[in-house]
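Remarks on the structure that follows.
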Number of protein chains: 2
Amino acid sequence: MEKSIPDIVVGRLPRYLRALEYMLRKGIKTTSSQELGDSIGISAAQIRKDLSQFGEFGKQGTGYSVRFLVDQLQSILHVNQPWDLVLVGVGDLGTALATYQGFVNRGFRIVLAFDNDPAKTGKIIGDVTILGMDDIEVKVAESGAKIAMLTVPASAAQEVAESLIKGGIRAILNYAPMQLSLPADIHVEYIDPITKLQHMTYYLD
Amino acid sequence: MEKSIPDIVVGRLPRYLRALEYMLRKGIKTTSSQELGDSIGISAAQIRKDLSQFGEFGKQGTGYSVRFLVDQLQSILHVNQPWDLVLVGVGDLGTALATYQGFVNRGFRIVLAFDNDPAKTGKIIGDVTILGMDDIEVKVAESGAKIAMLTVPASAAQEVAESLIKGGIRAILNYAPMQLSLPADIHVEYIDPITKLQHMTYYLD
DNA sequence: TCTTTTTTGTGGTTTATTTCACGGAGGATT
DNA sequence: AATCCTCCGTGAAATAAACCACAAAAAAGA
């Protein structure tokens, strides 16, 4: 029986990957846990311990091959394949996300966009046509997408999330400022700038 | 000597506050650690322990007065006063943030917006006129703002952040997909959807 | 009034996470 | 080829976080 990896460790891997991809673009061939740690503010021991959960990727005396470690982390995180995204809610924020090039550059492609405003349906945003919310479950199921981004008002988020799950969505990136109550096997991450700002104001006078 | 509160505890307070403000709008007068915890997926014991770091806010047998606890948490987080924000980078995302009503409703007001694109300067976005990046330090210092939101390309983020700090900014909400290297007394929070998506794809096939 | 129920705040315990520190492998230097 | 230096992987130790369980307070009910 393999031991499961702590979620907090998994959460650091994308940060390692981001820093390593930056090094790759810079042409840096090799790095050490010390150097990588310095660049992202994490201790070298922590990085070595985290990576050792998945295998032995480094070489004593030399460090890590940047390209090799990028490949390994992409594989571990399952981002060595493209992922389809569903976007629900095409307000200002949804529009910004739909046109953001950062997703497609990193292997995430929006394949469906929904909004319940009839004035918006039919319009094209980014690469997709905005659809109405009718039969959203069926449309999502047909697309085969497993990940959704939710940029609807808080009042609608729970209901929409439940529809998405019926359509086969298994992970939700929730921009609505509210906690979703969903089955344990659905993975939810939250992005709420107010929460982050309030965290910081604690430390300000 | 007073013991300092763990940052992880501080980070949960805005979540408690958000749930409690929701209860307040619903007209709920009283709640318990159990009920609050159920609504946001945190154990009752954890909530009681966290709150006890700051005082005794509840009553045995009854629970917590929602209004009182909201007031207390707002005071602890210093959000019982309005905060001025500086926005740097008025692309799609910056525009979405500038027009988002959620900030002002929660006591955060954008008072300055900057962009280095001459085509944008002079235009009005939300309640403010977009300024060029010249003399950004001076303009920020004159505004007195202590918090900035950074929605510039990753390649510009470090340099801009340093300018902001020279202008008196002490907390930065960074939307650029890169780690900032700044003095320890500057508080930085990160919002990067790619990182969150990659965290979730680990758990997907 | 007396008993039962609810629910807090907290000391103590358990579990999780981070850090330490060292053996040893590999490369560089002389 | 001998020595020095770097830096990984990891068991052990230290620290941090979460959870448990209970006395006591308050309200509700009998």
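Every chain is numbered from 1, with letters handed out A, B, ... down the list of sequences. Heavy-atom basis, side chains included; hydrogens, waters and symmetry copies ignored.
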For atom [atom1] of [X] and atom [atom2] of [N], their distance in whole Å:
X       : N      : atom1 : atom2 : value
B/Gln34 : D/dC19 : CD    : P     : 12 Å
A/Gln46 : D/dT10 : CD    : C1'   : 14 Å
A/Glu35 : D/dT6  : CD    : P     : 14 Å
A/Arg48 : C/dA21 : CZ    : P     : 13 Å
A/Asp50 : D/dG9  : CG    : C1'   : 13 Å
A/Ile47 : D/dC8  : CD1   : P     : 9 Å
B/Asp38 : C/dT6  : CG    : P     : 15 Å

Select from B/Leu51 and A/Ala45 the residue whose nearest nucleotide in DNA chain C is closer to the 5' end of that strand. B/Leu51
Specify the residue among A/Lys59 and B/Lys59 whose closest nucleotide of DNA chain C lies further upstream toward the 5′ end. B/Lys59
Exercise: do B/Gln74 and A/Gln198 side chains pair donor with acceptor under 3.5 Å: no
Can you find a side chain N or O atom of B/Ser33 that sits less than 4.0 Å from OP1 or OP2 on C/dT8? yes
Any A/Ser43 side-chain N or O less than 4.0 Å from OP1/OP2 of C/dT19: yes
Taking A/Asp192 first and then B/Arg18, would you say they form a salt bridge - that is, a charged N and a carboxylate O separated by under 4.0 Å? yes
Select one nucleotide: of D/dA18, C/dG9, D/dT10, the one nearest the side-chain heavy atoms of B/Ser52. C/dG9
Closest non-hydrogen contact found for A/Ile76 with B/Tyr202 is O-CD1, 3.3 Å
Can you give me the closest heavy-atom contact between B/Leu182 and B/Ile186, atom names plus distance? CD1-CG2, 4.3 Å
Return the 5'-most residue of the pair A/Gln60, A/Lys49 with respect to DNA chain D, ranking by each residue's nearest nucleotide. A/Gln60
